[in-house]
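Written out below as structure tokens is the structure these notes cover.
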Amino acid sequence: MQAIAFYLTYPFIYLIASLPFDALYKVSDILYYLLRLTGYRQKVVLNNLRNSFPEKSPSEIETLSKAFYRYLCDLILETLKTLKMTEQESRDHCTFHTPEWLNKLYDEKKSFIIVMGHYGNWEWAGPSFTLNTNFQLVVIYRPLTNTYFEKMMVRTRTRFGTRITPVNLTLRDMVANRKLVTATAFIADQTAPHDKAYWTSFLHQDTAVFTGPEKLAIKFDYPVVYMNVKRVRRGYYEVTPEMLFPKPQETKENEISEVFMNRLEREILQDPSIWLWSHRRWKHARPLH
């Protein structure tokens, strides 16, 4: 069944990936109306928005919801477009700003950890980093259950030299590559197991936070860098690295996780529409002690 689903779908994926950008966004406009008609995760999106912005009126929440769905359609098609994007298109559509301290880290052969959220086009941020720095980027990810689509996404994400590692192999991979100069990236705003999480307030809600990136940063003494992905206009992004903790072993417990979530929250408040509101981020309740 996995093979049938893949081979029936792949021609359409390849066709979309082959479209010029102006046609791609026209298809996205059509997809928006289809997605709204199906009611895809509408309850999840509206509930997340209401709880995150209790001060906003129902009409303002609805406006945010529509803006998110429009962006979600763009994001889906932009991700598929990655299959056929050239190196120059990747550079043009996702500009990477390289601060001097990043070059200095590389000159010192110092690896680091990247923390970022499901904000902006994180799929395009990877190639942007790889094409504009000398670091070996290693993205930690959760493999898809369909092995055929999984192979397609691996091929897509590694086209320009990025490496990807399944989340369950993170520690082993980092130990094996200690002699390389790497940047290990975590999409660190996913739902964490409630019994193993650090709990904080994020967007007005009790939120379980993964502490894996923080623990690994301290273990390996790797600086922690926040990767800010900003949408400049439709189809164009800017990626700016920000140093959060140059010396993680000098931090207090959970300080790295707290600062990261606060930084991401500030970005979401500036432009809520490009965060992944359809994710069931708050499905766990804070345990009672």
Side-chain angles (χ1 to χ4, degrees), residues 99 101-102 105-106 108-120 122 125-126 129 133 135-142 162-178 180-229 239-269 275-276 279 281-287 289:
W101 58 260
L102 190 63
L105 277 184
Y106 186 81
E108 295 172 351
K109 305 302 179 186
K110 184 70 174 176
S111 297
F112 65 94
I113 282 178
I114 294 170
V115 288
M116 57 193 302
H118 287 92
Y119 187 82
W122 58 90
F129 179 92
T133 78
F135 290 88
Q136 174 60 65
L137 177 63
V138 181
V139 176
I140 306 303
Y141 82 111
R142 297 186 183 278
T162 298
R163 288 183 49 239
I164 60 175
T165 296
V167 64
N168 61 309
L169 299 178
T170 302
L171 180 58
R172 190 179 78 175
D173 187 81
M174 292 182 70
V175 170
N177 293 306
R178 289 195 74 165
L180 300 178
V181 186
T182 60
T184 304
F186 294 85
I187 307 292
D189 61 344
Q190 301 187 55
T191 303
H194 68 284
D195 56 339
K196 297 179 181 179
Y198 164 64
W199 285 87
T200 188
S201 178
F202 175 66
L203 294 171
H204 298 285
Q205 295 162 86
D206 285 339
T207 303
V209 181
F210 275 114
T211 57
E214 174 174 337
K215 291 176 179 177
L216 290 168
I218 293 171
K219 177 179 177 63
F220 291 93
D221 196 26
Y222 285 175
V224 179
V225 174
Y226 174 76
M227 205 62 67
N228 183 27
V229 184
V239 181
T240 307
E242 301 174 10
M243 177 62 74
L244 293 186
F245 294 97
K247 298 179 179 180
Q249 291 184 344
E250 297 179 3
T251 61
K252 300 175 183 178
E253 184 179 8
N254 297 319
E255 183 180 359
I256 293 173
S257 300
E258 180 72 19
V259 168
F260 159 64
M261 295 301 288
N262 288 340
R263 180 63 189 87
L264 176 61
E265 182 180 72
R266 293 205 312 272
E267 207 61 35
I268 293 170
L269 293 177
W275 192 57
L276 195 60
H279 177 52
R281 181 64 183 86
W282 292 281
K283 60 184 178 181
H284 299 308
R286 186 194 287 260
H289 296 292

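Quick caveat, the model's predicted, so the values are computed rather than measured.
Here the shortest heavy-atom pairing between Val209 and Ala192 reads C-CB, 3.7 Å. Nearest heavy-atom pair across Ser257 and Phe210 is OG-O, 3.9 Å. Among all heavy-atom pairs drawn from Pro241 and Pro99, the shortest one is CG-CD, 3.5 Å. Counting all heavy atoms, side chain and backbone alike, Val229 lies closest to Ala125 at CG2-CB, 3.9 Å. Considering every non-hydrogen atom in both Thr170 and Val167, the closest pair reads OG1-O, 2.7 Å. Contact detail for Ala188 and Pro213: the closest heavy-atom pair is CB-CG, 4.3 Å.
The distance from the CD1 atom of Ile114 to the CG atom of Leu244 is 11.0 Å, given to the nearest 0.5 Å. Considering CD of Glu214 and CZ of Phe186, their distance stands at 12.0 Å, rounded to 0.5 Å. The structure places OG1 of Thr162 at 14.0 Å from CZ of Phe135, a figure rounded to the nearest 0.5 Å. One finds the OG1 atom of Thr240 at 9.0 Å from the CE atom of Met227 (value rounded to the nearest 0.5 Å). Of the inter-residue distances, the one linking Phe220 atom CZ with Met174 atom CE reads 4.5 Å to the nearest 0.5 angstrom. Ile113 contributes atom CD1, which lies 8.0 Å from atom CD1 of Ile256 (distance to the nearest 0.5 angstrom).
Applying the side chain to side chain donor-acceptor pair (under 3.5 Å) test between Arg286 and each of Thr207, Asp206, Thr200 identifies Asp206 as the sole match.
Cation-pi check for Lys109 over Tyr106 is met; the charged atom lies under 6.0 angstrom from the ring centroid and within 45 degrees of its normal.
Without hydrogens or angle criteria, Asp173 side chain to Leu169 main chain gives no donor-acceptor distance under 3.5 Å. Between the side chain of Tyr141 and the main chain of Ile164, no donor-acceptor pair closer than 3.5 Å is present. Distance alone, capped at 3.5 Å, places no donor-acceptor pair between the Ser111 side chain and the Tyr222 backbone. Judged purely by atom type and a 3.5 angstrom limit, Glu265 has no side-chain atom pairing as donor or acceptor with the backbone of Phe202. At least one donor-acceptor pair closer than 3.5 Å links the side chain of Thr191 to the backbone N or O of Arg281. Between the side chain of Asp189 and the backbone N or O of His118, at least one donor-acceptor pair lies under 3.5 Å.
In this structure, the side chains of Val115 and Arg263 stay at 4.5 Å or more apart for every pair of heavy atoms. Contact check for Glu258 versus Tyr198: side-chain heavy atoms found under the 4.5 Å cut-off. Side-chain contact between Phe129 and Val139 is absent, with no heavy-atom pair separated by less than 4.5 Å.
By the neighbour-count criterion of 12 heavy atoms within 6.0 Å, atom CD of Glu253 is sparsely surrounded, having that number or fewer from other residues, nucleotides or ligands.
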side-chain contact (heavy atoms from CB on, under 4.5 Å) between Phe112 and Met243, worked out: CA-CA 10 Å; Phe112 65 94; Met243 177 62 74; over 6 Å; no
side-chain contact (heavy atoms from CB on, under 4.5 Å) between Val181 and Lys110, intermediate numbers included: CA-CA 6 Å; Val181 186; Lys110 184 70 174 176; over 6 Å; no
Intermediate values then yes/no, side-chain contact (heavy atoms from CB on, under 4.5 Å), Phe245 and Ile218: CA-CA 10 Å; Phe245 294 97; Ile218 293 171; over 6 Å; no
Candidate pair Arg163 and Asn177, rule side-chain contact (heavy atoms from CB on, under 4.5 Å), full reasoning: CA-CA 12 Å; Arg163 288 183 49 239; Asn177 293 306; 3.5 Å; yes
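Taking the six-membered ring where the residue is Trp, Phe260 and Tyr226 present tilted rings, their angle falling between 30° and 60°.
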